[in-house]
Amino acid sequence: MLQVNYIKENKQEVIERLAIKNFTDTDIIEKIILLDNNRKEIQKKLDDNLSESKSIAKEIGILFKTGKTGEANQLKQKTGDLKKLSKELSEQLDKTSKDLKYLLLEVPNIPHPAVPKGKTEEDNKIVFEEGELPKLDEVALPHWELAKKYDIINFELGSKVTGAGFPFYKGKGARLQRALINFFLYEALKEGYLEYQPPLLINEASGYGTGQLPDKDDQMYHIGIDNFYLIPTAEVPITNIYRDTIIKEGDFPIKNVAYSSCFRREAGSYGKDVRGLNRLHQFDKVEIVQIQHPEKSYQTLEEMKEYVSSLIRKLELPFRISILCGGDLSFTSALTYDFEVYSAAQKKWLEVSSVSNFESFQANRMKLRFKDKNGKTRLAHTLNGSALALPRIVAALLENNQSDNGIKIPKVLVDYTGFELIS
RNA sequence: GGAGAGGUGGCCGAGCGGUUUAAGGCGCGCGCUUGGAAAGCGUGUGUCCCGCCACAGCGGGACCGGGGGUUCGAAUCCCUUCCUCUCCGCCA
């Protein structure tokens, strides 16, 4: 959520930069400014009114205490009109504030100047590429075939027990999953992240805090009976730790890491692009979250980018990094780096991580603040990134490392898997 | 699932219709004291909104889990909802 004052003071800039995100509803900006002015006016009237009522009530109190009941009763009659007016004004104020908040929730975060214009992922700007693309035989198999051949992931069984998009990992498949989770967690610990194991269900307030609600509620699984949501990412519980808090400036940077299963309904978009592990309803991810001083958040974003790169490099996978264009950038993000690994048998790039700076957008929504040197309360910046999401990493590992002998496990993982080959 | 207790400032904790402008304590900031520190003494100490004015300050309003009500006046009374704790039941 953007701050109204920022919108007011930088109206033209806000409109121009939101256009990069293909948000062109300038009316809404005008309405926000108008509503905020109304809100202030009503607030002033209401406050004056309440002030008067309060002082009369106090007088009556004193009169009763000193036995001047007659005078007190006279004064009582004066308050009728004031009371009525207060009620009207506070209803107006309430409505105006609600309308204002509703509109503010509709406005996406302002993209960073580095964000390129564009509509689809075609327009994302590739800023880095590393590793040689493996050349496989024509007989090379896609990962869903490999999974079947070596009996390590069973999609049909998942369909039977739950539904499409909920696979079983089996034998060395399951062990590979566990190895990757451990590897990612230990690497994060080395980087100074504090490990959390969060709840997998969250309440409504947390959904609003990180911005999944109100607009993305259909993408989360909902437990109606208790009104909980299954987390789409550990970002939600981990960032919400700091909802409604004021932290000390000395606490920056806060660096948290968490492994969790992630649950996504992602209604629609079925087809060949979503076969196998490419898109699942339940998957595993290790997520890093940082809370940082506004002046250091972009430096932190770069550090996180380097960290994620180092993980993929250790797994010996070719990858590239792009800056998401305005159209592909999420509602809440100001700048996002997307990481893709090359999946040799499918001959395409698979997204395995996105690392984002939300600036104060999430912080404003969840009232995450800090006291600066001068004792002023300011909004902190939040950042997060996948480090990493498992399924597409597994897909690339299986496909890229296949040979006649079996699938070779990258050196760095062998200590965690306890085997070097899936055969 | 059943029964009970309770949600008050950064924390503990009093208040249970009218100078509450939320006591007191702890913590923290500043000052005095000291060779330095501790102790002691003094002093200050929340969040949000509005106005004046602006590197600071002054004034007003809201906030005692959330929402609603009674009243001239609510932390205090009533309704409703959420949460926490204890005991019982069930259970990894």
Side-chain angles (χ1 to χ4, degrees), chain A residues 1-9 32-104 197 199-209 213 222-229 237 240-251 254 261 291 294-295 360 363-380:
Chain A
M1 192 165 72
L2 297 175
Q3 291 172 276
V4 183
N5 284 344
Y6 186 86
I7 295 176
K8 277 181 160 171
E9 283 158 26
I32 285 171
I33 294 173
L34 193 73
L35 275 175
D36 193 55
N37 290 335
N38 286 348
R39 195 195 96 252
K40 285 184 182 177
E41 228 174 272
I42 298 166
Q43 175 99 52
K44 179 90 179 77
K45 278 189 206 158
L46 178 62
D47 285 356
D48 289 348
N49 198 254
L50 286 173
S51 182
E52 203 181 334
S53 301
K54 254 174 100 162
S55 63
I56 291 177
K58 211 166 267 180
E59 258 180 80
I60 293 174
I62 294 168
L63 288 174
F64 270 122
K65 256 194 166 168
T66 50
K68 297 174 183 163
T69 321
E71 283 178 52
N73 284 327
Q74 252 178 353
L75 256 179
K76 265 197 201 180
Q77 308 194 333
K78 268 179 69 182
T79 60
D81 287 343
L82 283 174
K83 219 182 162 184
K84 218 167 106 191
L85 187 59
S86 281
K87 193 165 179 170
E88 272 168 34
L89 286 170
S90 83
E91 272 164 14
Q92 277 181 40
L93 182 65
D94 196 49
K95 187 178 181 311
T96 309
S97 305
K98 270 188 186 148
D99 290 349
L100 178 62
K101 180 144 195 218
Y102 178 79
L103 289 185
L104 279 170
Q197 196 171 70
L200 302 182
L201 273 66
I202 48 132
N203 59 27
E204 219 173 350
S206 296
Y208 277 95
L213 295 175
H222 184 224
I223 315 279
I225 192 165
D226 289 314
N227 198 22
F228 292 145
Y229 293 86
N240 270 288
I241 292 172
Y242 305 97
R243 172 153 49 85
D244 281 322
T245 57
I246 299 176
I247 60 177
K248 294 192 196 100
E249 193 170 16
D251 291 340
I254 293 173
S261 292
I291 317 287
E295 276 143 41
S360 61
N364 187 33
R365 201 182 271 221
M366 71 171 100
K367 303 280 167 278
L368 162 48
R369 294 149 294 168
F370 71 100
K371 285 241 188 270
D372 71 10
K373 288 183 209 88
N374 306 317
K376 248 180 97 178
T377 309
R378 295 169 60 188
L379 292 170

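Predicted model only: the values in this text are computed from it and were never measured. Throughout, protein chains are lettered first and strands after them, A, B, ... in sequence-line order, and every chain is numbered starting at 1.
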Inset, instruction - Tell me, with the steps shown, if A/Ser206 and A/Asn203 meet side-chain hydrogen bond (donor to acceptor under 3.5 Å, both in side chains). - result: CA-CA 6 Å; A/Ser206 296; A/Asn203 59 27; 3.1 Å; yes

Legend entry - Considering all heavy atoms, the nearest A/Ala205-A/Asn240 contact: O-OD1, 4.3 Å

Legend entry - Separation between the P atoms of B/G60 and B/G65, rounded to whole Å: 25 Å

Legend entry - Gap in Å between the two C1' atoms, one belonging to B/G51 and one to B/C41, rounded: 40 Å

Legend entry - Closest-nucleotide ordering on RNA chain B, the 5'-leading residue of A/Asp36 and A/Phe228: A/Asp36

Inset, instruction - For A/Ile246 and for A/Lys376, locate the closest nucleotide of RNA chain B by heavy-atom distance; then report the residue assigned to the nucleotide nearer the 5' terminus. - result: A/Ile246

Inset, instruction - Could you pull out all residues at least two apart from A/Asp244 that satisfy side chain to side chain donor-acceptor pair (under 3.5 Å)? - result: none

Inset, instruction - Among the candidates B/U47, B/G51, B/G73, find the nucleotide nearest to the side-chain atoms of A/Thr377. - result: B/U47

Legend entry - Nearest atoms (heavy-atom pairs only) where A/Ile32 meets A/Leu100: O-CD1, 3.5 Å

Inset, instruction - Not counting sequence neighbours, which residues clear salt bridge (charged side-chain N to carboxylate O under 4.0 Å, His left out) with A/Lys58? List them please. - result: none

Inset, instruction - Provide the closest heavy-atom pair for A/Glu204 versus A/Asn227 in the form atom of the first, atom of the second, distance. - result: OE1-ND2, 3.1 Å

Legend entry - Separation of atom CG in A/Leu368 from atom C1' in B/U47, rounded to whole Å: 15 Å

Legend entry - Separation of atom CD1 in A/Ile62 from atom C1' in B/U20, rounded to whole Å: 14 Å

Inset, instruction - Using whole Å, report how far CD of A/Glu204 lies from P of B/U81. - result: 17 Å

Inset, instruction - With C1' as the reference atom in both, quote the distance from B/C90 to B/U76 in angstrom, rounded to an integer. - result: 40 Å

Legend entry - Nearest-angstrom distance from the residue atom CG of A/Asn203 to P of B/U84: 10 Å

Inset, instruction - Determine the interatomic distance between P on B/C12 and the same-named atom on B/C85; round to the nearest Å. - result: 14 Å

Inset, instruction - Mark yes or no for whether A/Ser51, through its side chain, and A/Asp47, through its backbone, hold a donor-acceptor pair below 3.5 Å. - result: no

Legend entry - B/G46 and B/G42, which share atom name C1', separated by this distance in whole Å: 23 Å

Do any N or O atoms of the protein come closer than 3.5 Å to N or O atoms of nucleotides 60-68 of chain B, and which pairs are they?
| residue | atom | partner | partner atom | Å |
| --- | --- | --- | --- | --- |
| B/G60 | O3' | A/Ser51 | OG | 3.3 |
| B/G60 | N2 | A/Asp47 | OD2 | 2.8 |
| B/G61 | O2' | A/Asp47 | OD1 | 2.9 |
| B/A62 | OP2 | A/Lys54 | NZ | 2.9 |

Legend entry - Heavy-atom pair of closest approach, residues A/Phe370 and A/Leu379: CE2-O, 3.4 Å

Legend entry - Any residue of residues 79-89 of chain A with a heavy atom less than 4.0 Å from an atom of RNA chain B: A/Thr79, A/Lys83, A/Lys87

Legend entry - Presence of A/Arg39 side-chain N/O under 4.0 Å of B/C49 phosphate oxygens OP1/OP2: no

Legend entry - Partner set under side chain to side chain donor-acceptor pair (under 3.5 Å) for A/Glu249, not counting sequence neighbours: A/His293

Legend entry - Pairwise C1' distance for B/U86 and B/U33, with rounding to whole Å: 50 Å

Inset, instruction - Under the side chain to side chain contact (heavy atoms under 4.5 Å, CB included) rule, what do A/Ser53 and A/Thr79 come out as? Steps first, then yes or no, please. - result: CA-CA 7 Å; A/Ser53 301; A/Thr79 60; over 6 Å; no

Inset, instruction - Answer with base, sugar-phosphate or nothing: what part of the nucleic acid does A/Ser53 contact at a heavy-atom distance below 4.0 Å? - result: nothing

Legend entry - Secondary structure string for RNA chain B (Watson-Crick or G-U under 3.5 angstrom, | for other-strand pairs): ((((((((.[[[..)..(.....]]]((((((.......))))))(((((((....))))))).[[[[[..)....]]]]])))))))....

Legend entry - Whole-Å distance separating the CZ atom of A/Arg369 from the P atom of B/U47: 8 Å

Inset, instruction - For B/G9 and B/C88, measure between their P atoms and round to the nearest Å. - result: 31 Å

Inset, instruction - Figure out the CD1/C1' separation between A/Ile56 and B/U71, and round it to whole Å. - result: 15 Å

Inset, instruction - Specify the separation, in whole Å, of atom CG of A/Leu93 and atom P of B/C48. - result: 17 Å

Inset, instruction - Would you mind reading off the distance between A/Leu63 atom CG and B/G73 atom C1', rounded to a whole angstrom? - result: 13 Å

Inset, instruction - Using a heavy-atom cut-off of under 4.0 Å over every strand shown, decide if A/Lys371 touches base, sugar-phosphate, or nothing. - result: sugar-phosphate

Legend entry - B/A39 versus B/C28 - spacing of their P atoms, nearest Å: 9 Å

Legend entry - Closest non-hydrogen atom pair, A/Thr377 against A/Lys371: OG1-NZ, 3.1 Å

Inset, instruction - Apply salt bridge (charged side-chain N to carboxylate O under 4.0 Å, His left out) to A/Lys45 and A/Glu88, showing your working. - result: CA-CA 11 Å; A/Lys45 278 189 206 158; A/Glu88 272 168 34; over 6 Å; no

Legend entry - Closest contact, heavy atoms only, A/Leu2 versus A/Asn364: O-ND2, 3.4 Å

